[in-house]
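What follows is a single structure, written as C-alpha cells, with notes after it.
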Amino acid sequence: MEGAVRVQILSQMGISEVPSQYIQPPKNRPGSVTENIADLSCKHVPAVDLSSEKESVLPAIREACRDWGAFHVINHGVPTKLLDDLRRACFSFFNDFPMEYKLKYACNPNFAASEGYGSRLLVSSENETVLDWRDYFDHHTLPLSRRNPSAWPHFPPEYRELMANYSDEMKALVQRLLALMSESLGLKASCIEDAVGEFYQNITASYYPPCPRPDLTLGLQSHSDIGAITLLIQDNVGGLQVLKDGEWLLVDPLPNAILVLVADQTEIITNGKYKTCVHRAVTNASKARLSIATFHDPAKTVRISPVSDLVSKSSPPLYSSVLYRDYLSSWYSNAPEGKRNLDKHLLDTSK
C-alpha cells in the first residue's frame with residue numbers, strides 16, 4: 001500500500017493552507033489563478049475534424065504538430081457515450097466510495113508508475129520533490145498480456161468493462177492519427193508506428209480535489225510526456241495548460257473532443273519537425289476536476305532515432321539514438337521539474 005496521504009483526504013479536512021511538500025518554488029507557481037476559466041482560456045489550440053477530406057486534414061495536422069504539439073480531434077469515431085460513461089465511472093470511483101475501499105487498489109510504493117491508486121508518481125522521499133495536488137489511478141492496458149482487469153476497481157460495477165473498451169478505442173484512434181501524422185510529413189502511413197513498435201498503453205485517471213491555495217500549488221507539474229503520443233479527455237471544469245511561446249495558456253475543454261499531445265519519442269522520430277507539448281495542470285479552490293490520459297509508449301527494448309527519410313545533408317539528425325529503457329530511467333531519476341528530458345539527447349549540429 002502506498003504510504004503517502006491521499007490529496008483528497010487533505011482537501012476534505014477543510015485546511016486553509018497546504019502542507020509544505022505541495023508548495024511549488026516561486027519560479028514554478030501559477031500565480032493568481034482566477035475562478036473564471038474564460039479569463040485564462042486558450043481558444044486557439046487547433047481542432048481537426050477527422051471526418052473531413054484528407055487533403056484538408058493533413059495540412060491541419062502538420063501545422064498543429066509543428067506549432068503547438070497539441071490539437072483537438074473532433075468527429076473521431078469514439079462513441080460519445082463511452083467518453084461520458086468512462087468519465088462518470090472514474091469520477092464516481094474517486095468521489096463516491098469510502099477510502100478503505102479505494103485503498104485496496106493502492107499502488108506499490110517501491111516501484112515507479114506501478115498500477116493502481118496513488119498520489120505520488122515518483123519513487124523518492126517527500127523531501128526530494130514537490131508533490132502534485134492530485135490523486136490518480138493508473139491502468140496497464142496494452143499489450144493484452146499486461147491487461148489485468150482484476151487489478152482495476154470493481155465499483156462502480158461497469159468500471160472494468162468501460163476501461164477495457166476505452167483502451168481498444170484509443171489504440172485504434174492512435175493508429176489512425178499516427179498514420180495521418182506520417183503522411184503529413186510525406187512519409188508512408190505506417191512510418192511512425194513502425195518506429196514505435198507495439199504500443200505499451202497506460203490509462204491514467206487523474207482526480208484534482210479543490211485546493212485552498214491554487215496560487216502556490218500545481219495539480220501536475222510542468223513536463224512533456226515521455227512516450228510517443230498521448231490522448232486526453234477532460235471534464236468541463238478545466239485546468240490543463242500548455243506552454244506556447246513562453247506563455248502558459250489554459251486549454252478550454254471542447255465537448256466530445258479528444259486532445260492529442262505529441263510526446264518526446266515522436267519529436268525524436270520526426271527529427272524535430274513535430275514538437276512535444278509541454279503542459280501542466282493548475283488547481284482551483286472550489287471544484288474537483290477529472291482528466292483521463294491515455295499514453296502510448298514504445299517497449300523498453302526499442303531504440304528510437306530520427307527516421308532516415310527525414311535526415312539528409314541539409315537536415316542532419318538533431319537527436320542521438322536512445323534506448324527507450326534508458327530514456328525512462330533518465331526521466332524518473334531526474335523528475336519532471338519543468339525541464340525537457342528530451343534536450344539531453346540533442347546533438348550539436350553547429351560543427
Is it the case that one hydrophobic cluster holds both F97 and W152, taking links as side-chain heavy atoms less than 4.5 Å apart, direct or via other members?
yes
ILVMFWY network linking V278 to L220, side-chain heavy atoms under 4.5 angstrom
no
Is there a side-chain contact between K102 and R6 (heavy atoms, below 4.5 Å)?
no
So does S51 get a backbone contact from the side chain of D49, meaning a donor-acceptor N/O pair under 3.5 Å?
yes
Do V302 and V174 sit in the same hydrophobic cluster, where Ile, Leu, Val, Met, Phe, Trp and Tyr count as joined when their side-chain heavy atoms come under 4.5 Å apart?
yes
Starting from the C-alpha separation in whole Å, work towards a yes-or-no answer on side-chain contact (heavy atoms from CB on, under 4.5 Å) for C107 and D138.
CA-CA 9 Å; C107 292; D138 188 42; 5.7 Å; no
On a heavy-atom basis, which atom in M181 and which in Y274 lie closest, and how many Å separate them?
O-CE1, 3.7 Å
Are S184 and E63 packed together at the side-chain level, in the sense that at least one heavy-atom pair is separated by less than 4.5 angstrom?
no
Parallel under 30°, tilted from 30 to 60°, perpendicular over 60°: which one fits the rings of F94 and Y207?
parallel
Partner of H345 by ring pair (Phe, Tyr, Trp, His ring centres under 6.0 Å), out of Y327, Y324, W331:
Y327
Between the main-chain N or O of P153 and the side-chain N or O of R160, is there a donor-acceptor pair closer than 3.5 Å?
yes
Roughly how far apart are L86 CG and I233 CD1, rounded to 0.5 Å?
5.5 Å
Distance-only donor-acceptor check, side chains Q265 and D297, under 3.5 Å:
no
If we ignore hydrogens and angles and just use 3.5 Å, is the side chain of S11 paired with the main-chain N or O of V7 as donor and acceptor?
no
Side chain proximity check, I74 to N256, heavy atoms < 4.5 angstrom:
no
Is the H139-Y159 ring centre distance short of 6.0 angstrom?
yes
Could you state the interatomic distance from CZ (F155) to CZ (F93), rounded to the nearest 0.5 Å?
5.0 Å
Whether T217 side chain and R213 backbone form a donor-acceptor pair below 3.5 Å:
yes
Using modelled atom types and a 3.5 Å cut-off, is there a donor and acceptor pairing between side-chain atoms of S182 and backbone atoms of L187?
no
Can you tell whether the side chains of R147 and D168 come within less than 4.0 Å, N to carboxylate O?
yes
Please report the closest heavy-atom contact between A70 and P46, naming both atoms and the distance.
O-CD, 3.7 Å
Side-chain donor-acceptor pair under 3.5 Å between D225 and H223, yes or no?
yes
4.5 Å side-chain heavy-atom contact, W68 and C277
no
Answer yes or no: is there a side-chain heavy-atom contact under 4.5 Å between T294 and Q201?
yes
Between Q241 and R280, does any side-chain donor sit less than 3.5 Å from a side-chain acceptor?
yes
With side-chain contact (heavy atoms from CB on, under 4.5 Å) as the criterion, how do L231 and V260 come out once you've worked through the C-alpha distance, each side chain's angles and the decisive distance to 0.1 Å?
CA-CA 5 Å; L231 301 182; V260 181; 3.8 Å; yes
Under the salt bridge (Lys or Arg N to Asp or Glu O under 4.0 Å) test, residues paired with K313 that sit two or more places apart:
none
Tell me, do V18 and L10 make a side-chain contact under 4.5 Å, heavy atoms counted?
no
Sequence neighbours left out, what passes salt bridge (Lys or Arg N to Asp or Glu O under 4.0 Å) with R62? Give chain and number order.
none
Looking at every non-hydrogen atom in both residues, tell me the closest pair between P30 and P214 and how far apart they are.
CG-O, 3.2 Å
Residues two or more places apart in sequence or in another chain: which of them pass ring pair (Phe, Tyr, Trp, His ring centres under 6.0 Å) with H76?
none
Can a salt bridge be assigned to the pair E115 and R146 using a cut-off of 4.0 Å between side-chain N and carboxylate O?
no
Evaluate the ring planes of Y117 and F137, with Trp represented by its six-membered ring, and classify them as parallel (under 30°), tilted (30 to 60°) or perpendicular (over 60°).
parallel
For the backbone of S119 and the side chain of D135, can you confirm whether one donor and one acceptor N or O come within less than 3.5 Å of each other?
no
Interatomic spacing from SG in C191 to CD1 in I269 - rounded to 0.5 Å:
8.0 Å
Heavy atoms only: give me the nearest V196-P298 pair and the separation to one decimal.
O-CB, 3.5 Å
V73, I192: one ILVMFWY side-chain cluster at the under-4.5 Å cut-off?
yes
So, for D215 and R29, which heavy atoms are closest and what is the spacing to 0.1 Å?
O-CB, 3.5 Å
State, without any angle test, whether Q234 and R289 hold a side-chain donor-acceptor pair at a distance under 3.5 Å.
yes
R87 with D84: basic N within carboxylate O range, under 4.0 Å
yes
Can you measure from CG (L82) to CD (E161) and round to the nearest 0.5 angstrom?
10.0 Å
Exceeds 12 heavy-atom contacts within 6.0 angstrom, atom NZ of K275:
yes
Flag if over 12 foreign heavy atoms under 6.0 Å of CD, E53
no
Could you give the distance from NE2 (H72) to CG (L232), rounded to the nearest 0.5 Å?
8.0 Å
Would you say the side-chain atoms of E267 pair up with the backbone N or O of T276, donor to acceptor, closer than 3.5 Å?
yes
Can you find a side-chain donor-acceptor pair between H154 and Y105 that sits under 3.5 Å?
yes
Could you tell me whether the side chain of L346 reaches within less than 4.5 Å of the side chain of Y319, counting heavy atoms only?
yes
Are I292 and L162 grouped together when hydrophobic residues (ILVMFWY) are joined by side-chain heavy atoms under 4.5 angstrom apart?
yes
If only atom types and distance count, is the side chain of W133 paired as donor or acceptor with the main-chain N or O of P209 below 3.5 Å?
yes
Distance, nearest 0.5 Å, that separates CD1 of I61 from CG of L177:
6.0 Å
If you take all heavy atoms of S16 and P212, which pair is closest and at what distance?
O-CB, 3.6 Å
Do L173 and L50 touch side chain to side chain, with heavy atoms closer than 4.5 Å?
yes
